[in-house]
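Data first, discussion second: the structure below is written as structure tokens.
Lettering of chains follows the sequences in order, A, B, ..., and the numbering in each one begins at 1. Computed from a predicted structure; not experimentally measured.
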Amino acid sequence: MAGPKYPGFDTLALHAGQSPDPTTGSRAVPIYQTTSYVFRDTEHAASLFNMERAGHVYSRISNPTVAVLEERIAALEGGVGAIATASGQAALHLAVATLMGAGSHIVSSGSLYGGSHNLLGYTLRRFGIEVTFINPRDPSDWKKAVRENTRLFFGETLGNPGIDVLNIPAIAEIAHAAKVPLLVDATFTTPFLMRPFELGADLLYHSATKFLGGHGVAIGGVLVDSGRFDWEASGKFETLTAPYAGFHNMDFEEESGTRAFLLRARREGLRDFGACMAPMTAFQILQGVETLHLRMPRHVENTRKVVAFLSSHSSVEKVLYPELQSHPDHELCRKLLPNGAGAVFSFDIKGGRAAGKAFIESLRVFSHLANVGDAKSLVIHPATTTHYRMSDADLKKSGIGPGTIRLSVGLEDAQDLIDDLERALKAASRG
Amino acid sequence: MDFVVEGRKAFAYTAAHALDAKQPTLVFVHGAGLDHSVFGLQSRYFGYHGWNVLALDLPGHGRSAGPPVASVGGMADWIFSVLDSLKVAKASLVGHSMGSLISVECAARRPARVERIALLAVGYPMKVNEAFLDAARRNDPAAYDMETIWGHAAQVPLGGDPSPGMWMYGDALARLRRLAPGVLYSDLKACNDYRFEGNVSCPALFVLGKRDVMTPPRTAAELQGRIPNAKSVLLAPSGHAPMAEAPDATLDALIAFFRA
């Protein structure tokens, strides 16, 4: 007898989290543009505040439109639930702040988005949380960095800027041996290309600003919990396993082992830090999620064509894309990312900073800006923008050459993209 | 609250309250492969409204030490051992699925100690699908998928979870994946083998989900016929997990029954 079947990814992308609106019959997700919700009576109000009934109280804590996005991403990732945040950075901060306080330590991949590096390397230090950045490709580095006060392992599924593939199964094993969870930034892969929980990650987040939205019109983040990490057995997470005076002495793990992290993150993190998502933003990101399964294959298809073009061009020094045999993570990519290594990658143009500058200025279809994951193709030259104050030597330490260009390949006609790149490379080679 | 029963560690969620001898006691008994947290909202309500709450983890589940108890009768006896060890003379019980059978058996075995029983998502006989039982016997993760999918109404994976931001399927799977090998099979076999041979005289409430595919409402008919002092509530939107699928309606039914 065939067993029961889960809905497919495409169906969940369109439907998960929403029943047609019971009041109006609206098929589209309604935008509940409200700050607050009328209580039926005083007892109902008290029950909602004390978590005896499910529902919404105030839109900083939860909102019906935002809840649809949260449930939908949780369904696509195979998590127990999710919390949508004001940005991807807010999601990372919420995860850290929920798990630890001053005196704690994080082991992090050194191959990170600059914004995450700033938070972990500079800002958290001011709040007493130390971070050791390690080479993510060497599992022994993760192991060696563990301290008694380590509370989290962190990395990106595809790291910046070299598009390193995080060896989630190996890193998760080391994290679990150290009794701490592995959090991954899954922005570049989306649940369409990789489901990190199936590989062993415990927590993940997205900058929903990128591929989940895809349209580049809204900033947002989503933090998802697998519900698989046993906080009680670990014994290292007092925020989840000890009575919390800030919420009726609730022991979140005792309340629910699988939902403890999200309960605390919502009941404390959203309540006190307040980095919630607006309902209009959730609606906009949902419009993107509904076509994620159609857009991602095209992103990958276009990227492969662009990568093939650049790899054989005489003005290009090297291309860093994990599907290329020359990439150090090629084998791992084949194993963990069989549907594609995403649509963001970098390449080095011959001629250094000057060539990079000329190249960018000659592009017509690619937009020069500081973002990735848009339906439109994007480009940035780190040496003259995000990292322009750094010397060539310091750039090298960060894996960035003076001629490194980062592309985010969009959904345009691939030949138009190649023509645009060819014209710009020609202009760059002329100096 | 951790305590010791029959020499083994046991756990009951008490909604952060100490037991008060002056208050009535409500025992929540979970279903196959589950734990106390499935009653999260409902047990918390009663704990803050004048009841001693004991939302138990049965042996081998949640925080209670294993091995699991292999029969419904054995689990009913274990419940009385819990009451003995906590010096609770009488209690009412809220059972879900397998927990409902345990509650029925408690009421039949020791009527003087059971005041009322509420039976959520119950059917009798509780015959378990052979493929499900077989997968559980082999500790095949397919058994978790079957419990997750059949354990909820068909619209659940696409519809909205009443608890903001949660995905019911993911939560069910995460809970099941924490089970030790053999626990789910032990529970399912206990349900499958159970024969009700006693009498229940205390007031009983049946809370049934109209969209329940594991124990459709019609499968409760025999038990309803054999418990003379019984009332029934049918929850239109719910499947086999009314506490999660229709939490407010479930709570309202319990409040009306236990305040009566």
Side-chain angles (χ1 to χ4, degrees), chain A residues 1-7 11-12 14-20 43-44 46-47 50-56 61-64 66-75 77-84 197 224-228 230 232 243 248-251 254-259 262 266, chain B residues 1 11 13-17 35-38 40-49 62-63 129-132 134-135 140 142-143 145-150 154-155 157-178 213 237 244 247-248 251-252 255:
Chain A
M1 176 186 163
K5 185 179 161 293
Y6 293 108
T11 308
L12 292 174
L14 283 153
H15 291 276
Q18 192 227 358
S19 304
E43 188 174 338
H44 178 236
S47 290
N50 196 36
M51 279 181 53
E52 297 158 11
R53 290 183 185 271
H56 305 282
I61 312 297
S62 68
N63 168 280
V66 178
V68 175
L69 175 66
E70 292 168 338
E71 188 175 346
R72 189 164 301 180
I73 300 301
E77 291 286 10
V80 295
I83 292 178
F197 294 155
V224 192
D225 182 12
S226 69
R228 297 181 195 184
D230 192 333
E232 185 72 20
H248 308 303
N249 283 324
M250 182 178 275
D251 174 333
E254 190 176 287
E255 203 75 20
S256 170
T258 54
R259 285 168 282 180
L262 290 174
R266 192 178 293 279
Chain B
M1 175 176 65
F11 174 81
Y13 168 80
T14 61
H17 287 71
D35 63 39
H36 72 276
S37 67
V38 296
L41 297 169
Q42 296 83 15
S43 56
R44 191 170 173 81
Y45 174 89
F46 282 99
Y48 279 85
H49 287 78
R63 295 179 174 198
N129 175 294
E130 191 53 45
F132 186 16
D134 185 52
D140 182 340
D145 297 334
M146 293 178 197
E147 171 133 340
T148 299
I149 296 171
W150 290 331
Q155 83 276 13
L158 304 183
D161 189 317
S163 293
M166 301 307 296
W167 193 51
M168 234 178 276
Y169 268 22
D171 192 38
L173 276 169
R175 194 182 283 109
L176 288 164
R177 285 183 179 126
R178 292 180 178 214
V213 293
D248 277 9
L251 178 57
D252 289 340
I255 291 170

Let me know if Glu232(A) has heavy atoms under 4.5 Å from chain B in its side chain, its backbone, both or neither. side chain

Of all of Arg175(B), Gln42(B), Met168(B), which one pairs up most often with chain A through heavy atoms under 4.5 Å apart? Arg175(B)

So which part of Phe11(B) gets closer than 4.5 Å to some heavy atom of chain A, the side chain, the backbone, both or neither? side chain

Rounded to the nearest 0.5 Å, how far apart are OG of Ser163(B) and CD of Glu70(A)? 12.0 Å

Report the option among Gln155(B), Glu130(B), His36(B) that has the most heavy-atom pairs separated by less than 4.5 Å from atoms of chain A. His36(B)

Which one of Ser47(A), Ala67(A), Gly81(A), Ala75(A) has the most heavy-atom pairs closer than 4.5 Å to chain B? Ala75(A)

Report which part of Tyr6(A) has an atom under 4.5 Å of a heavy atom belonging to chain B: side chain, backbone, both, or neither. both

Can you tell me which of His49(B), Arg177(B), Arg178(B) forms the most heavy-atom pairs within a distance under 4.5 Å of chain A? Arg178(B)

Mind checking the CE-OG1 spacing from Met166(B) to Thr258(A)? Nearest 0.5 Å is all I need. 6.5 Å

Contact part of Arg72(A) toward chain B, heavy-atom cut-off under 4.5 Å: side chain, backbone, both or neither? neither

What part of Ser256(A) lies closer than 4.5 angstrom to a heavy atom of chain B: side chain, backbone, both or neither? both

Applying a strict 4.5 Å limit to non-hydrogen atoms, the region of Ser43(B) in contact with chain A is neither

Taking Arg266(A), Glu254(A), Glu77(A) one by one, which has the highest count of heavy-atom pairs under 4.5 Å against chain B? Glu254(A)

Count the heavy-atom pairs under 4.5 Å between each of Asn50(A), Val66(A), Asn249(A) and chain B, then report the option with the highest count. Asn50(A)

Chain A contact via Ile149(B) - side chain, backbone, both or neither, heavy atoms under 4.5 Å: side chain

One option among Gly159(B), Pro162(B), Gly170(B) has the most heavy-atom pairs under 4.5 Å with chain A, and it is Gly159(B)

Ion pair check, Arg53(A) and Asp252(B), cut-off under 4.0 Å: yes

Between Pro4(A) and Trp150(B), is there a side-chain heavy-atom distance shorter than 4.5 Å? yes

Give a yes or no on whether the backbone of Ser37(B) and the side-chain of Arg259(A) come within a donor-acceptor separation of less than 3.5 Å. yes

4.5 Å side-chain heavy-atom contact, Val80(A) and Leu173(B): no

With chain A, which of Ala174(B), Pro247(B), Gly160(B) has the greatest number of heavy-atom pairs at distances under 4.5 Å? Gly160(B)

I'd like to check Leu158(B) versus Pro7(A) (side-chain heavy atoms, cut-off strictly below 4.5 Å). Are they in contact? yes

Which value, rounded to the nearest 0.5 Å, describes the distance between Asp248(B) atom CG and His44(A) atom NE2? 6.0 Å

Shorter than 4.5 Å, heavy atoms on both sides: which option in Trp167(B), Tyr13(B), Phe46(B), Tyr169(B) has the most such pairs with chain A? Trp167(B)

Leading residue by heavy atom contact count with chain B [cutoff under 4.5 Å; candidates His56(A), Met250(A), Met51(A)]: Met51(A)

Against chain B, label Ile83(A) side chain, backbone, both or neither, depending on which of its atoms sit under 4.5 Å from a heavy atom there. neither

Taking Arg44(B) for its side chain and Glu255(A) for its backbone only, find out whether a donor-acceptor pair lies under 3.5 Å. no

